[in-house]
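One structure below.
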Number of protein chains: 2
Amino acid sequence: MPAPRTVNHDCPIRDVLDRVGDAWSVLVIAELDKAPCRFNALRRVIDGVSQRMLAVTLRQLERDGLVTRRVTDGRPPQVTYALTPRGVSLHAALAPLADWAARHQQAIRESRAAFEAAQAAAA
Amino acid sequence: MPAPRTVNHDCPIRDVLDRVGDAWSVLVIAELDKAPCRFNALRRVIDGVSQRMLAVTLRQLERDGLVTRRVTDGRPPQVTYALTPRGVSLHAALAPLADWAARHQQAIRESRAAFEAAQAAAA
DNA sequence: CTGTATCCATGCCGATACTG
DNA sequence: CAGTATCGGCATGGATACAG
């Protein structure tokens, strides 16, 4: 019975969404796309990210070859993160989705409000 | 000084990713884009999704106006789900990302392997 | 400054049981 | 067939403390 006509979880897009679907990855990528950035600078600009999660996120992105980590020893030590070409291309691939989001955001909010109103009415 | 130059969480794309970043939404959308489908048919084709999560996922998508839920009372009762035009457009907006994923999947795997090899070597 | 290690609260989700 | 309700385990992630 080797005919699994079921939808596969390891279709490529699920892979990406596992990377990029978390709370911080996209924000980090978007920020680094503007300019390379140091750890604490990112921390300040991202707003709400914990030290732990920023470190974890950057590790994952580095691991996947989406960002580079460059250490400049000195006083104090500095670590600069930057997007790789691959990271830039991911950011580009994200653009249509961002565009869709911006265009439908309002309509979705309205749908949601309408849906909840209907729910309330039913109750 | 009301100048919060921090990155915002409610930038539209984070909104979408909160919807679409979960494990099942994209799979459901992809499946419904092929053809409308009934609940248990989806359940069978999606493979691994629990009854609960499929129900929750469909509710959210319906809530956001991405899918419709049509009930055909009878013996037995039938419920058919289908994508709305908005849902179709989301699926389209996802395409570039899926494409990127397919193209970089292999390279990412290699990066990851290399990264872990480096880690192991360092230890 | 740039992290890692630990602890712990929260919330997600599968399993199960039950309803129309 | 198409769900909802409830429970419990497990992973996620914030807070804190510590290190290079």
Side-chain angles (χ1 to χ4, degrees), chain A residues 6-7 9 14 17-28 31-32 35-63 67-82 115-116 118-120 122-123, chain B residues 6-7 9 14 17-28 31-32 35-63 67-82 115-116 118-120 122-123:
Chain A
T6 59
V7 169
H9 296 174
R14 287 263 4 106
L17 287 174
D18 280 346
R19 299 284 123 198
V20 136
D22 68 284
W24 309 113
S25 293
V26 173
L27 296 176
V28 169
E31 190 55 32
L32 291 182
C37 199
R38 306 227 322 257
F39 187 86
N40 276 352
L42 274 176
R43 194 147 145 58
R44 276 188 299 274
V45 88
I46 298 281
D47 181 55
V49 68
S50 65
Q51 189 175 32
R52 172 184 152 81
M53 284 318 291
L54 182 56
V56 168
T57 300
L58 286 169
R59 267 287 170 284
Q60 280 180 359
L61 295 175
E62 188 193 357
R63 207 174 112 103
V67 312
T68 56
R69 177 176 182 275
R70 206 188 50 201
V71 182
T72 318
D73 264 19
R75 220 38 211 196
Q78 285 188 190
V79 179
T80 303
Y81 291 92
F115 187 84
E116 273 156 20
Q119 292 288 86
Chain B
T6 58
V7 170
H9 297 174
R14 286 265 1 109
L17 287 175
D18 281 345
R19 300 283 120 197
V20 136
D22 68 283
W24 309 114
S25 292
V26 173
L27 296 175
V28 169
E31 190 56 31
L32 291 181
C37 198
R38 308 227 321 257
F39 188 86
N40 276 350
L42 274 176
R43 193 149 146 56
R44 276 188 299 275
V45 88
I46 298 280
D47 180 55
V49 68
S50 66
Q51 188 174 33
R52 171 184 152 80
M53 284 318 291
L54 181 55
V56 168
T57 299
L58 286 168
R59 269 285 170 284
Q60 281 181 357
L61 295 175
E62 189 194 358
R63 209 173 108 104
V67 312
T68 56
R69 177 176 182 276
R70 207 187 50 200
V71 182
T72 317
D73 265 20
R75 216 44 209 184
Q78 286 189 187
V79 179
T80 304
Y81 291 91
F115 187 84
E116 273 157 19
Q119 291 288 85

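In the text below, chain A, chain B and the rest are named by the order of the sequence lines, each starting its count at 1.
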Distance in angstrom units between B:D22 CG and C:dG11 P, rounded: 18 Å
Straight-line distance of B:L61 CG to B:T68 OG1, nearest 0.5 Å: 11.0 Å
Inter-residue atom distance B:Y81.OH - B:L42.CG, 0.5 Å rounding: 8.5 Å
Letter per nucleotide, 5' to 3', of nucleotides 1-7 of chain C [B base touched, S only sugar-phosphate touched, - untouched; heavy atoms, 4.0 Å]: BBBB---
Nearest-Å distance for atom pair CD/P, residues B:E62 and D:dA2: 14 Å
Interatomic distance where CE belongs to B:M53 and P belongs to D:dA5 [whole Å]: 16 Å
Nucleotide C:dG14, atom C1' - distance to CH2 of B:W24 in whole Å: 11 Å
Separation of A:R38 CZ from A:R70 CZ (nearest 0.5 Å): 11.0 Å
Value rounded to 0.5 Å, distance of CD in B:E116 from CZ in A:R63: 4.0 Å
Test log, rule side-chain contact (heavy atoms from CB on, under 4.5 Å), inputs B:R43 and B:N40: CA-CA 5 Å; B:R43 193 149 146 56; B:N40 276 350; 3.8 Å; yes
Distance in Å, B:W24 CH2 paired with B:E31 CD, rounded so as to fall on 0.5 Å steps: 13.0 Å
Inter-axis angle, terminal five-pair segments of the helix from C:dC1-D:dG20 to C:dG20-D:dC1 [nearest 10°]: 40°
Residues that B:R19 engages under salt bridge (Lys or Arg N to Asp or Glu O under 4.0 Å), provided they are two or more places apart: B:D64
Inter-residue atom distance B:S25.OG - B:L17.CG, 0.5 Å rounding: 11.0 Å
